[in-house]
Q: 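Quick one: this structure, given as structure tokens, is what I'll be asking you about.
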Amino acid sequence: MKICVLMKQVASEDSPLSISNNIIDKASLNLVTNEPDSYALEEALLIKEKTNGEVTICTLGPESSQQVIKDGLAKGADKAIHIICDNTETMSSLDIAKIITKKIQNENFDLIFSGLQSNDYGFAQLGIIISELLDYSNACLVMGTEINENKLKIKKELENGWFQWSELKLPASLSIQSGINQPRYATLKGIMSVKNKPVDKIDFSELGLSLNAGYTIDEISIPQKSKQTQMIEGEVDDIVSQLTDILKNKIKVS
Amino acid sequence: MSQDVEIKENKTLDEFTKLQDLSSLEGLGGSFLVCPLDQYNVFSKENFSEEQKMFASTAQDFAVNRIKPVNDQLKKLNKDLSLELFKEAGDLGFLGIDIPEQYGGMELDKTTAAIVVDYLSACECPSFMVTLSAHTGIGILPIVWYGNEDQKKKYLTKFATGEWMGCYALTEPNAGSDALAGETTAYLNDEGTHYILNGQKIYITNGSWAEVCITFAKVGDKYTSFIVDKTCEGFVIGAEEKKMGIKGSSTVTLYFENCKVPVENMLGKLGQGGAIAFNSLYAGRYKLGITTAAGAKYTIKCAYDFALERKQFSRSITEFDMLKNKFAQMVVRTFEAYTVSYATTGSIDFSISKLDKNSDDYYEKMQKIIEDHAIEASIAKIVGSVSLAENADDGVQIFGGAGFIEEYPAAQIYRDERINRIFEGTNEINKLIIGGTFLKKAILEELPIRDQIYHRMEDYLPALTFSGDHELSSEISVIELSRSLMLDMLHRLILKYGQDLKNEQWALEPLADIVVCFSVMQMGFARYNQLPDGEHKKRMNCVVKYSIYRNFNILKERINMLVPYICANSEVGDVMDSINQRINDLKYIPDAIALKKSICEELYKHGKYYLG
């Protein structure tokens, strides 16, 4: 079983954010592996251990993203692809999917895993678009996987606490829901093995793709954190009916 | 220290030719004492390799995500959970760092071992750290260093995975710091198959959890080390002690009641017990420097988070200057503890890296290197434990009334901290080691200390190669003058007491304090000075300046204490005049309050210790 895990480097949640001229100062960011991708990697490693497979990490990003690769290799991935690109912020998900697809299309992966979404921009589209471009089966919000003799069964999260088991044809691209497993820690031996594992590095410009214009960012701002207090005024009956309306329709107490 | 040495006299000044290149002393224990600042480098956190940074990060992940959430359960003695986490630490490789690869370990450098305990300390659970450190240090090292092939195979493989825990039993009711006075005996049985041990060992960390115990007993008059399996007949484990702190770790008395230990379990040679006992302790000391530095760091965070939320007179108490003063000093102490501890592991690694790993006497030489760094190891232990103690005390004060209530974390930090100034050799014993080793290295000329004493008499402030407009130029002079004063004190002490100095504790303690303060200044400066320009260096500037300021003050105070004690009444006045004249000539008058203000400002910006 050949598995590719798409992983991304993002700013950590407690990173200090400084914005000027609608640009986030990247130098001040504390960069980490996108947490949802860790679940995707763990799921791939579990399948690898069961099926004697091989796990390849693929990341698109600047030189600094190699830390994501190193962390993944330390945890047990076998090799990595690093498509170097300094500025992915304004690229559309479609373009990013095209870049990655171009690079991996001949690798014949049986499975492509991605985290549910990235903690920075959170588009949650990449896995789906790639399955379309490569003509792979697809599932999102995957809560569990079972592989038996090249048959893939997956458990998908539906709404309202419902799940669905379904069978997919291989090859497939799956977006993995966070919390599906318990991502492992890198062992010291794993960390020491990193330097012996192959990393295929390529600049995205070498892929010779013509891309769309992508996004233009009009404005970036930090969300207001301040609490808002709404005073309900009036007669008692009035207050009660307003309050029940808020509880029922705004807060949706069920 | 105990060996008597002949003092070499009658060297003329001409014989002490100036050593041009003292930087060749790099990697030698105590080299900081004589290497001028322009010929001295230290290892520091900023020098971690990429791999070491990843070790740090996985240790921290495990500590924060696995151990810290169950911290409340580990505060009380919880054998099952402690052993479960211990085993998991083994699976990740944290227990096998000093163990050779062929026995399941990784045999990485001493700095990496230090990094792992440093970042595991992020679990903020001193009890667990004590359990783990006792195993990886004094539990494992004696067998790595002195064990034979069979012993290594049998024990180290299980120590590396955490399947077995080790402990080290040295202290006895009538023999603590003077371990060799131990009363435990061993004799060979008539069949020649077993040694029969009788005696007891007290305050044994991991004692009731460990499968294996390294202990010491006299065979006749030969102090000898043994590996005792828990299953040995006559091995009795006493009740858990009720301790002031680190209550989640096991501490018991172990009794040997005609305990039958197979002959093949003798560790090292008959009579080698003393060397095994003491050499194993050195490594524990610099590692304790690291864990206490980490404790000092987390204490800052803990106190800051509380202070930020705590309001008095309708503002956060962080806004009060007297608290800022505390916070600034907490940062400086943490910086100092980290600096001296990693300087020590770095220097040891530098020397070990030059050894041939495949040579038969590799471990013997490695130990010699660690023993050679006895001064640094003791300094790391003292500076670390005192930094944490003072931070913990300030922490309780910042918490105010809440600091006295068990519901809040400050009280536990305060209780857990206390043991650090006692175990791994009390701080007093470590001061004896510092003073005694300084004397020994001078007399035996292991380092050109006496050369430097004579040179500094002629030229107490030698010109260095730094540019005149170095941003710490007055600090450079302060440190070099301090070195001259320190060497002068040693010289006067040698003249007065000769080698009996090692028994003169009234004089030895202030001398050791002077060495400690000096080392902090020298290593702190070197750490700062070798940094590339940038934000990190800028942030460290005030910290290193204040550190030098405060250590220089302590050093001066100790000299004021020593001079009247060791000089003849008739010369005390002149000696002090001359010293004070030299100090005054420096015109060193830093604005200490301004420095502390900036340090605190930076701390508040980061919300935590910000120098790594």
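Note that the structure is a prediction, hence the values are computed from the model and not measured. Letters A, B, ... mirror the listed sequences (proteins, then strands); counts begin at 1.
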Q: Can you name the salt bridge (charged side-chain N to carboxylate O under 4.0 Å, His left out) partners of B/Glu46, sequence neighbours left out?
A: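 Per chain and number, B/Glu46 pairs via salt bridge (charged side-chain N to carboxylate O under 4.0 Å, His left out) with B/Arg527.
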Q: If I compare all heavy atoms of A/Val194 with all of B/Met54, which pair ends up nearest, and what's the gap?
A: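 Heavy atoms of A/Val194 and B/Met54 come nearest at CG2-CE, 4.3 Å.
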Q: Working note: B/Leu92 + A/Leu188, criterion side-chain contact (heavy atoms from CB on, under 4.5 Å); need CA distance, chi angles, decisive distance, verdict.
A: CA-CA 6 Å; B/Leu92 293 173; A/Leu188 299 198; 6.0 Å; no
Q: Once you leave out hydrogens and angles, what donor-acceptor pairs under 3.5 Å do chain B and chain A share?
A:
unit_1: B/Glu51; atom_1: OE2; unit_2: A/Lys195; atom_2: NZ; d: 3.0
unit_1: B/Thr58; atom_1: OG1; unit_2: A/Ala186; atom_2: N; d: 3.3
unit_1: B/Thr58; atom_1: OG1; unit_2: A/Ala186; atom_2: O; d: 2.6
unit_1: B/Leu92; atom_1: O; unit_2: A/Leu188; atom_2: N; d: 2.9

